[in-house]
Amino acid sequence: MVTVEPETFLEYIIIEYRWLLVITTLMPLSFLWKIWSACRNYVVFTMNSAPKAHESKVKDVQKQVKNWLSGDRSTQLCTGRPTWQTMSFRQGIYKKMFTNIQINLVDVLEVDTKNMTVRCEPLVTMGQLSQTLDRLGLALAVVPELDQLTVGGLVMGTGVETSSHIYGLFQHICVQYELVLADGSVVTCSKDENPDLFYAVPWSYGTLGFLTSVVIKVVPAKKYVRIEYHPYTNLSDLAKRFQEESVKKTHQFIEALLYTKDSGMVMTADMVDAVGKDGKFNPIGKWYAEWFFKQVEKYLNDYRRGRKTTVVEYIPLRDYYHRHTRSFFWELQDIIPFGNNVIFRYLFGWLMPPEVSLLKLTQPEAVTKLYNKAHVIQDMLVPIEALEEAIDVFHREFEVYPIWLCPFKVFNNPGQLKVHSGDWQMFVDIGVYGVPKAKGFETESSTRRIEQFVTQKRGFQMLYADTYTTREEFRRMFDHTLYDKMRSTLPHCKEAFPEIYGKVNRLVRK
Ligand SMILES: Cc1cc2nc3c(=O)[nH]c(=O)nc-3n(C[C@H](O)[C@H](O)[C@H](O)COP(=O)(O)OP(=O)(O)OC[C@H]3O[C@@H](n4cnc5c(N)ncnc54)[C@H](O)[C@@H]3O)c2cc1C
Ligand SMILES: NC(=O)C1=CN([C@@H]2O[C@H](COP(=O)(O)OP(=O)(O)OC[C@H]3O[C@@H](n4cnc5c(N)ncnc54)[C@H](OP(=O)(O)O)[C@@H]3O)[C@@H](O)[C@H]2O)C=CC1
Ligand SMILES: CC(C)=CCC[C@@H](C)[C@H]1CC[C@H]2C3=C(CC[C@]12C)[C@@]1(C)CC[C@H](O)C[C@@H]1CC3
């Protein structure tokens with residue numbers, strides 16, 4: 001295992017006792033922030049002001065772009081959202097050098113129950129949207145788990161969730177985008193209107209234009225999710241079941257957690273109207289509840305001890321959607337090691353989790369150094385047939401557990417993701433978050449070997465994380481044909497925005 005020795009006593013204190021700052025300051029501040037935004041959203045809703053205000057807010061974005069256009073254009077453009085507020089693990093250095101366009105678009109605009117769509121602005125978060133839709137008996141077809149993820153970030157980057165084996169990625173449930181282009185004009189695009197632009201926008205990281213609204217597909221929601229936990233102590237069997245369930249599509253939600261190379265849990269789930277008699281009710285979103293991944297581990301240990309095989313539970317729908325939010329998957333245990341302790345949960349659970357933005361804003365240099373050297377945060381997307389082989393490679397290079405497995409479909413559409421046969425192809429997102437224990441782990445070289453494996457398998461890397469690829473390697477991983485065509489066609493685009501690589505490579509992030 002890689003260890004980083006703190007250089008000074010102060011560094012040691014900062015790393016080991018970060019939880020002191022988090023509990024005494026960041027958690028109360030996060031709580032106040034949540035109350036403020038709920039009140040603000042409520043007032044906006046009761047005044048019904050968001051749809052009316054949208055047009056003038058878009059005009060303001062246009063005005064800022066036109067000001068840049070009529071100036072000396074010595075800098076390029078990016079959104080003015082401070083980098084510490086984003087969910088990407090790193091801070092983008094380019095934000096300080098570019099002209100920042102303020103896009104203060106934070107509201108849900110319209111729920112269309114006839115066409116089963118919701119229209120919203122780019123800074124609407126997943127938590128805000130799932131709450132708004134839940135009250136109407138609706139849900140997004142794909143709800144990426146963490147509350148703070150925004151619609152804009154998920155469109156321009158990507159979003160994946162346990163229903164993605166049916167609906168695809170977040171981009172596949174979007175039916176229309178409204179953008180302000182580099183010449184200050186407003187365009188809308190869909191699969192029938194400006195289709196080239198529509199297919200080039202996902203994964204473009206804000207390098208084609210500024211997103212100002214998105215129309216997204218919704219589905220009818222039920223009150224609960226019935227979840228079945230299937231434990232495995234053999235990787236081949238687990239991979240086989242996981243792959244079969246993903247392709248069969250008899251269940252609405254599928255995910256797996258690996259706790260060692262050979263053991264883990266496959267979870268299949270479906271929306272239901274009522275709690276059945278075949279399982280217990282488990283409101284995992286309550287402040288006192290154990291972290292989700294810890295509960296799953298308990299069921300796996302029970303199985304190892306020969307106690308139970310398949311367990312069935314009923315979970316409230318929103319609790320299920322955001323099941324990894326309270327513990328940031330398993331990342332919070334590194335910051336608050338006793339965060340899952342029963343006394344802590346009952347006393348302070350209602351203040352959890354701290355806002356990611358505040359954690360990023362207050363991250364000390366010593367902690368950054370530690371994460372650079374001895375921590376992996378990566379999501380690699382590989383064809384599902386390569387799952388077992390991939391786990392072998394990940395074990396050899398990283399040895400980080402738990403591992404998150406989430407199947408998803410990629411439709412054979414034009415754009416950055418190339419599918420090599422048929423109408424769609426099934427992939428799996430392999431999420432690795434934690435401290436690597438592999439012998440000889442070294443951040444850059446180990447990650448580069450993984451990136452090469454993924455490219456060889458014709459897979460992709462999620463770009464909120466660090467990419468160590470060169471520009472050429474990056475262009476091999478992502479098909480730039482349509483993207484390059486759009487950048488040459490759209491007026492002033494190349495002048496206004498860098499290429500995707502210019503925003504996501506490790507050198508432009510700290
Ligand atoms: C466009 C729209 C149309 C709706 N239509 C109906 C309807 O016809 N019938 C109905 O019963 N309910 C409707 N709702 C749901 C509505 O959000 C809740 O019914 C209402 O907010 C409940 O009040 P509360 O005190 O519980 O809200 P709170 O819990 O204080 O907040 C409601 C939550 O909803 C979200 N929200 C509410 N309004 C907005 C907004 N304008 N912009 C962004 N986010 C917002 C926020 O995330 C907030 O967290 C609609 C919501 C929206 C956004
Ligand atoms: N379950 C999941 O699917 C998860 C996904 N993620 C990842 O997190 C990221 C989302 O985080 P989030 O904080 O919401 O987004 P960010 O603010 O990090 O934005 C991500 C990118 O999208 C661009 N962007 C955002 N809004 C707009 C807009 N209105 N117009 C033009 N470009 C825009 C940003 O451009 P600029 O650089 O100019 O600001 C940036 O390059 C995604 O990359 C996603 O893949 C992370 C965890 C889980
Ligand atoms: C499900 C998918 C596709 C991805 C999940 C990624 C998350 C595990 C990470 C996204 C943002 C990350 C951050 C941190 C941990 C891992 C994520 C939640 C920190 C909280 C780690 C501690 C730092 O001080 C701040 C980080 C902010 C971002």
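When a residue number appears, it is its place in the shown sequence, counting from 1. Both counts, for ligands and for their atoms, begin at 1 and track the order of listing.
- Contact shell of ligand 2 (protein heavy atoms, cutoff 4.0 Å): Cys78, Thr79, Arg81, Thr86, Met87, Ser88, Tyr94, Lys95, Pro122, Pro144, Glu145, Leu149, Thr150, Gly152, Gly153, Met156, Gly157, Thr158, Gly159, Val160, Tyr205, Gly206, Gly209, Phe210, Leu211, Met462, Tyr464, Lys503.
- Using a 4.0 Å cut-off between a side-chain N of Lys or Arg and a carboxylate O of Asp or Glu, Lys59 and Glu55 qualify as a salt bridge.
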Inset, instruction - Check step by step if salt bridge (Lys or Arg N to Asp or Glu O under 4.0 Å) holds for Glu444 and Arg506. - result: CA-CA 10 Å; Glu444 185 166 348; Arg506 185 67 182 90; over 6 Å; no

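- Remark: Asp484 engages Arg475 in a salt bridge, criterion side-chain N to carboxylate O under 4.0 Å.
- Shown here are the salt bridge (charged side-chain N to carboxylate O under 4.0 Å, His left out) partners of Lys457, two or more places apart in sequence or in another chain: Glu389.
- For an aromatic pair to be called close, the ring centres must be under 6.0 Å apart, and Tyr483 with Phe478 fails this.
- Under the salt bridge (charged side-chain N to carboxylate O under 4.0 Å, His left out) criterion, Lys418 pairs with Asp479, not counting sequence neighbours.
- With respect to Glu255 and Arg323, a salt bridge is recorded, a charged nitrogen being found less than 4.0 Å from a carboxylate O.
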Enumerate the pairs of nitrogen or oxygen atoms, one from ligand 3 and one from the protein, separated by less than 3.5 angstrom; state names and distance to 0.1 Å.
unit_1: ligand 3; atom_1: 24 (O); unit_2: Arg18; atom_2: NH1; d: 2.8
unit_1: ligand 3; atom_1: 24 (O); unit_2: Arg18; atom_2: NH2; d: 2.9
unit_1: ligand 3; atom_1: 24 (O); unit_2: Gln363; atom_2: OE1; d: 2.4

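- Remark: of the listed residues Val61, Asn67, Thr79, Val61 is the sole one forming a side-chain contact (heavy atoms from CB on, under 4.5 Å) with Ile101.
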Inset, instruction - Apply the test ring pair (Phe, Tyr, Trp, His ring centres under 6.0 Å) to residues Trp330 and Tyr401: give CA-CA distance (whole Å), side-chain angles for both, the deciding distance (0.1 Å), then the verdict. - result: CA-CA 9 Å; Trp330 27 97; Tyr401 295 97; over 10 Å; no

